[in-house]
A.B. asks: 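This is the structure I want to talk about, given as structure tokens.
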Amino acid sequence: MYGPPHMGHVRGPVVFDVLRRYLEFLGYKVRHVRNITDVGHLLGDGDEGEDKLGKQARLEQVEPMEVAQTYTVAYNEMCRQMNVLPPGIEPRASGHIIEQIEMIESIMSAGLAYEVNGSVYFDVLAYAKTRDYGKLSGRVLEDLIAGVGNEARELEGQDEKRNPNDFALWKNASPEHIMQWSSPWGKGYPGWHIECSAMSRKYLGDVFDIHGGGMDLLFPHHESEIAQSTACTGHNPAHFWVHHNMITINGQKMAKSLNNGILADELFSGNHPLLAKAYSPMTLRFFILQAHYRGTLDFSNEALQAAEKGLQRLMNAAAQVSKLPVSDTSEYNVADILNACERSMNEDLNTPQVIAKLFEAARVCNSAADGKLKLDRSAVEALNNLFQTWLHGILGIQTEEKGNEAALDGVLQMLLTMRADAKASKNYTLSDEIRNKLTELGFSIKDGKDGSSWSL
RNA sequence: GGUCGGAUGGCCGAGAGGCUAGGCACGGGUCUGCAAAACCCUCUACACCGGUUCGAAUCCGGUUCCGACCUCCA
């Protein structure tokens, strides 16, 4: 958390929110933990090894914790806008230094880590003697050791390691390093992977059901998490590892060098050279769910606008279900759609298929509204249930409350103008009718010297 | 170079041996004072080259292209 939320951050929360909602729909009690990385880690890419939080803190002239806090708040706000349910627990790495140290000690006493100059490294080769390192990501340790093609990379701190594949559990901090804590090995800070292992273990136990994340974290992060936890507890910490794929923009990966990074706020405001217009948080959510989570997802104006229009169609249909004419007979079996939705979700969370089914339901609604299809009471109720449960409940798509205030005021002003015109032409029947109708609806109209005003 | 994942109609995106999702756009129509919405119809695609099969977008082999990851950092 050292920068504002951008398109690369957007997919995970939505995908896992739908997973959570679906599990809850199935009757499971879900404990959702989402951790915040707020301890400094070294900056790569040949930079002088300054930690990212510290660097950002220096640039903004604030405390590192302020940086983390600012962007955590921004991230959560983005999630709220996209109707992502807040996690049950949101632990911070900096608040779990003790747990991380304890875990490191436990790994050391198992003989799978060693200390060098105040830093502690995980001994991958020792671990691999009895366990499989690289299984999750399909890596073969021998290939990793060979490291073909990477000889040219100058990596920091390599000389301290017994083996290049070893990774840091604890790093010795130089005095000028802003974030540091006392430990059995001196002043320092935890390695990247250990925070997740320590926090998930604390709140979810030695073994829990599902661990999520982006595909980019598969190796080495999650692989190392498995190794650490296994070294401590003897178990792979998660029964299932769920990885979502990455996002591309106009067919290209999002990268600083390509200058195609789009911030969440830029998407919502349309304030970016690559964006033809603003796209709402719900459009974004719907757009994400129209693709399967394991495939790459490509952002383009055309694709986003297609999603926006499609979503509108779906919402229109859902909104009119309660007003559908009811017949004695039914020409459509809604249960088929409900069953298909559940089947699709059980098939590796296939939200695009669920959405396709919802569009089918929308067509049914529209046909019924047009009087071209007969639906009986139970069919209409089933349709209502379908949209409530699936569109709003599980997919988490809700009506957006954008600009309602301004629109309402515009409508009232228009009516007041029409009433003023009626009064001017002495058409008091019409002017009174407007006021009476508005009063009936709960508005109070006050005529003043400078025209009329309204309140609700 | 290695590992893994991709390539589907104008665009986005499901599917995974026969039943040829869905959305958006385009075109035609119904409706309509005009417009919009809605509805109906139309548009039959699976990177390339071989092979297996009665039948391949789907399986096998090869080729090309794209992406992620590849010991630090997140």
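Residue numbers begin at 1 in each chain, while the letters A, B, ... track the order of the sequences. Note that these values count all heavy atoms, side chains included, but never hydrogens, waters or copies made by symmetry.
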A.B. asks: In whole Å, what separates the C1' atom of B:U20 from that of B:A56?
C.D. replies: 13 Å
A.B. asks: Please determine, for the side chain of A:R313, which listed nucleotide (B:U71, B:G23, B:A68) has the closest atom?
C.D. replies: B:G23
A.B. asks: So, A:E360 and A:K357, do they make that salt bridge, N to O below 4.0 Å?
C.D. replies: yes
A.B. asks: Classify the side-chain pair A:Q398/A:R285 by whether it contains a donor and acceptor separated by less than 3.5 Å.
C.D. replies: no
A.B. asks: Roughly how far apart, to the nearest Å, are B:A7 and B:G13 at atom C1'?
C.D. replies: 13 Å
A.B. asks: Can you tell which of B:A68, B:C72, B:G23 lies closest to the side chain of A:M246?
C.D. replies: B:A68
A.B. asks: As a check on the pairing definition, encode RNA chain B in dot-bracket form, counting Watson-Crick and G-U wobble pairs whose two distances are under 3.5 Å, and using | for partners outside this strand.
C.D. replies: (((((((..(((.....[...)))..((((.......)))).....(((((..]....))))))))))))....
A.B. asks: Taking atom types as modelled, is there a side-chain donor on A:N76 or A:R34 under 3.5 Å from an acceptor on the other?
C.D. replies: yes
A.B. asks: Between B:C70 and B:G18, how many Å separate the two C1' atoms, rounded to a whole number?
C.D. replies: 42 Å
A.B. asks: Nearest whole angstrom, please: distance from the P of B:C24 to the CD of A:Q305.
C.D. replies: 13 Å
A.B. asks: Do A:F286 and A:Y279 have side-chain heavy atoms sitting under 4.5 Å apart?
C.D. replies: no
A.B. asks: Let me spell it out: for each of A:A168 and A:T248, pick the nucleotide of RNA chain B with the closest heavy atom. Which residue's pick is nearer the 5' end?
C.D. replies: A:T248
A.B. asks: Side chains of A:S119 and A:N172: do they bring a donor and an acceptor to under 3.5 Å?
C.D. replies: no
A.B. asks: Pick the C1' atom in B:A57 and in B:A14, then give their distance to the nearest Å.
C.D. replies: 13 Å
A.B. asks: Distance check, C1' atoms only: B:G61 and B:G27, in whole angstrom units.
C.D. replies: 43 Å
A.B. asks: State, without any angle test, whether A:Y293 and A:D348 hold a side-chain donor-acceptor pair at a distance under 3.5 Å.
C.D. replies: yes
A.B. asks: Take A:N83 and A:R21 through the test side chain to side chain contact (heavy atoms under 4.5 Å, CB included) and record every step on the way to the result.
C.D. replies: CA-CA 11 Å; A:N83 198 27; A:R21 286 165 181 263; 3.5 Å; yes
A.B. asks: Would you mind reading off the distance between A:L218 atom CG and B:G6 atom P, rounded to a whole angstrom?
C.D. replies: 14 Å
A.B. asks: Could you tell me the separation between the CG atom of A:L289 and the CG atom of A:L297, rounded to the nearest 0.5 Å?
C.D. replies: 10.0 Å
A.B. asks: Nearest to the side chain of A:K309 - B:C39, B:A25, B:A21?
C.D. replies: B:A25
A.B. asks: Return the value, rounded to whole Å, for the distance between atom CZ of A:F167 and atom C1' of B:C69.
C.D. replies: 16 Å
A.B. asks: What's A:A303 touching, base or sugar-phosphate or nothing? Going by heavy atoms closer than 4.0 Å.
C.D. replies: sugar-phosphate
A.B. asks: Sequence neighbours left out, cut at 3.5 Å: what donor-acceptor pairs do the side chains of residues 334-342 of chain A make with other protein atoms?
C.D. replies:
{"residue": "A:D336", "atom": "OD1", "partner": "A:N333", "partner atom": "ND2", "Å": "3.4"}
{"residue": "A:N339", "atom": "ND2", "partner": "A:A335", "partner atom": "O", "Å": "3.3"}

A.B. asks: Side-chain contact, heavy-atom cut-off 4.5 Å: A:Y332 with A:S367?
C.D. replies: no
A.B. asks: So, A:Y203 versus A:H96, ring centres under 6.0 angstrom or not?
C.D. replies: yes
A.B. asks: Could you tell me how far apart A:H221 (NE2) and B:C4 (P) are, to the nearest whole angstrom?
C.D. replies: 22 Å
A.B. asks: Which atom pairs link the protein and nucleotides 13-20 of chain B when you take only N or O atoms and keep those under 3.5 Å?
C.D. replies:
{"residue": "B:G13", "atom": "OP1", "partner": "A:D298", "partner atom": "N", "Å": "3.0"}
{"residue": "B:G13", "atom": "O2'", "partner": "A:Q290", "partner atom": "O", "Å": "3.4"}
{"residue": "B:A14", "atom": "OP1", "partner": "A:H292", "partner atom": "N", "Å": "2.4"}
{"residue": "B:A14", "atom": "O3'", "partner": "A:N350", "partner atom": "ND2", "Å": "3.1"}
{"residue": "B:A14", "atom": "O2'", "partner": "A:Q353", "partner atom": "NE2", "Å": "3.1"}
{"residue": "B:G15", "atom": "OP1", "partner": "A:N350", "partner atom": "ND2", "Å": "2.7"}

A.B. asks: P atom, B:U63 versus B:G28: distance in rounded Å?
C.D. replies: 48 Å
A.B. asks: NE2 of A:H243 versus P of B:C69: gap in Å, rounded?
C.D. replies: 13 Å
A.B. asks: According to ring pair (Phe, Tyr, Trp, His ring centres under 6.0 Å), who are the partners of A:Y133, at least two apart in sequence or on a separate chain?
C.D. replies: none
A.B. asks: Respond yes when some side-chain nitrogen or oxygen of A:R294 is under 4.0 Å from OP1 or OP2 of B:G5, and no when none is.
C.D. replies: no
A.B. asks: Does one side chain, of A:S269 or A:D265, offer a donor that lies under 3.5 Å from an acceptor on the other?
C.D. replies: no
A.B. asks: Can you list, by residue number, the residues of residues 383-390 of chain A that have a non-hydrogen atom closer than 4.0 angstrom to RNA chain B?
C.D. replies: none
A.B. asks: What interatomic distance, in whole Å, is found between C1' of B:U32 and the corresponding atom of B:A21?
C.D. replies: 33 Å
A.B. asks: Can you list, in residue-number order, the parts of residues 357-365 of chain A that come under 4.0 Å of RNA chain B, counting heavy atoms only?
C.D. replies: A:F359, A:R363
A.B. asks: How close or far is atom C1' of B:G22 from atom CG of A:L314, stated in whole angstroms?
C.D. replies: 11 Å
A.B. asks: Looking at the side chain of A:D370, which of B:A38, B:G23, B:C72 is the nearest nucleotide?
C.D. replies: B:A38
A.B. asks: What interatomic distance, in whole Å, is found between P of B:G10 and the corresponding atom of B:A47?
C.D. replies: 13 Å
A.B. asks: Any side-chain heavy atom of A:E223 sitting closer than 4.5 Å to one from A:L218?
C.D. replies: no
A.B. asks: Is it true that the side chains of A:D38 and A:Y71 contain a donor and an acceptor less than 3.5 Å apart?
C.D. replies: no
A.B. asks: Side chains of A:I194 and A:I107: closer than 4.5 Å at any heavy-atom pair?
C.D. replies: yes
A.B. asks: Which residue lies toward the 5' end of RNA chain B, A:L311 or A:D216, if each is placed at its nearest nucleotide?
C.D. replies: A:L311
A.B. asks: According to a strict under-4.0 Å criterion, is A:K161 in side-chain N/O contact with OP1 or OP2 of B:C72?
C.D. replies: yes
A.B. asks: Could you tell me how far apart A:Y133 (OH) and B:C70 (C1') are, to the nearest whole angstrom?
C.D. replies: 11 Å
A.B. asks: How close or far is atom C1' of B:C12 from atom CD1 of A:I247, stated in whole angstroms?
C.D. replies: 14 Å
